[in-house]
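Inspection log for the structure reproduced underneath, given as structure tokens.
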Amino acid sequence: MRFRRSRHLFCYWRDDELIVGDYRRRTAVAVDPVVVELLSACDDWCGVADVVAELAGYETETVEAAMLSLCHNGLLDSGEPAAEVEEAMTCWRGWEPEAALFHFGTKNANYGPSTAELRAELAGGAPVELFKSYPDAERMVLPRTPVSLREPFGDVLYGRRTHRSFAARPVPLQIFSTLLAAVFGPVAFVDGDEFGALALRTSANGGARQESECYVAVFEVAGVEAGLYHYNALEHSLELVREEVSREAVGELCAGQPAIREAAIVVFLTAVVGRVSAKYRDPRAYRVMLLNAGHVGQTFALAATALGLGAFTTAAFADEEVEALLGIDGVGETVLYVLAAGVPKDLRDGFPEGRAPAGLSAFRRRAQP
Ligand SMILES: Cc1cc2nc3c(=O)[nH]c(=O)nc-3n(C[C@H](O)[C@H](O)[C@H](O)COP(=O)(O)O)c2cc1C
């Protein structure tokens, strides 16, 4: 029988145990550290005798038993299925190990029944603040005279496009204020039993923990001084985080993208991790957090469109530098998404500047076989 080390191994220490696993097969076992040497010896297809020769001092039977056990636990490949697995895994190659570890490691979540005991245990911890505020910050309470969002839904849905350049005109205050309230403001509270009152927003939110917070760099909003603010969703106010914030600096934090440098406002969407982890212990909840951020991003883009603005969203940003700018630790609260908006330039053929409809030549260029 021929063996080879799996190409998808990971290892870590948990307390005093060394855990080695295969993220594609979703296996993980506690092993003696000498197993690492054995796995190292199985870099390419080999037999038990090759490994015995390389690891001097071990009996053949011991090595064979260990290799069969590692094979059983998916840490060693043996035979043909390995080739098929490798072929299927080629699309993940550039993302390994980080993204693959997360993706495969959070498959098949344990959605056991929610017993009264479990709920009591989860709810028994210290209460987690569901709204963040900066009580000592200078603040500007925003007007509560919402601009109508009664545009025909179809016009908004089909009219939403990603805008990468904006007119140099200020966003009216009421439009800005309506946008923040429509995306981040609570719209109702429900009775969450052990978890108390849970806020609802216009976006669906797995777990209804409303973990996202909004920080907004204001560059061109009528009646609002430029600066970086935290949006206090409960109070509907802007809390000043820092006065000096330049378009160039924020643009640089987002891979130098011109859309960010031209936008009237740039929102940094963060997630307060403890709001979710206090209720959901399974790591799959992290997936839900990312999905939730996507929902908020789409609501932002649709609300901006309905308010006559153009929206731009990006995941291209320097996380730790953004977190330093916001003054958050990147651990308990972490940035997930950047959303920007401004007064749009006129569309041409229904497309923003820089985009043109695909004609026959575009379809021909990469024609399907
Ligand atoms: C999560 C996410 C990240 C994106 N990141 C970028 C980006 O970094 N730069 C960019 O120019 N567009 C970015 N976009 C915009 C997409 O390129 C755009 O949605 C796509 O080309 C389709 O165009 P449409 O939004 O007008 O339908 C992003 C969109 C999403 C949803």
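When a ligand or atom number is given, it counts from 1 through the structure's own listing order.
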Under 4.0 Å from a heavy atom of R160: give me the atoms of ligand 1 that qualify, with their elements. 24 (P), 25 (O), 27 (O)
Exercise: identify the closest heavy-atom pair between A217 and F268: CB-CE1, 4.3 Å
Give the residue and atom name of whichever protein heavy atom lies nearest to atom 10 (C) of ligand 1, and the separation in Å to one decimal. F312 CE1, 3.4 Å
Check whether the ring centres of Y286 and F102 lie less than 6.0 Å apart, and answer yes or no. yes
Atom 1 (C) of ligand 1: which protein heavy atom is closest, and how many Å away? Y337 OH, 3.4 Å
What residue and atom, counting heavy atoms only, is the protein's closest point to atom 11 (O) of ligand 1, and at what distance? R164 NE, 2.7 Å
Hey, which of W95, Y23, W92 is the one that makes ring pair (Phe, Tyr, Trp, His ring centres under 6.0 Å) with H103? W92
Check contact between F351 and ligand 1, using heavy atoms of the residue and a distance below 4.0 angstrom. no
Nearest protein heavy atom with distance in Å, relative to atom 29 (C) of ligand 1: T313 OG1, 3.5 Å
How far apart are the closest heavy atoms of Y231 and H236, and which atoms are they? OH-ND1, 2.6 Å
Any idea which heavy atoms bring N292 and A204 closest together, and the distance? OD1-O, 4.2 Å
Positive for side-chain hydrogen bond (donor to acceptor under 3.5 Å, both in side chains) with D77, one of R25, R5, H8: R25
For atom 3 (C) of ligand 1, the protein heavy atom that lies nearest, with its residue and separation: A315 N, 3.8 Å
Please list the nearest protein heavy atom to atom 8 (O) of ligand 1 with its residue and the distance rounded to 0.1 Å. T314 OG1, 2.7 Å
Drop me the distance from S277's OG to M289's CE, to the nearest 0.5 angstrom. 8.5 Å
Option of least heavy-atom distance to atom 22 (C) of ligand 1 (set: R355, R161, Q298, Q257): R355
How far is atom 19 (O) of ligand 1 from the closest protein heavy atom, and which atom is that? T162 OG1, 3.2 Å
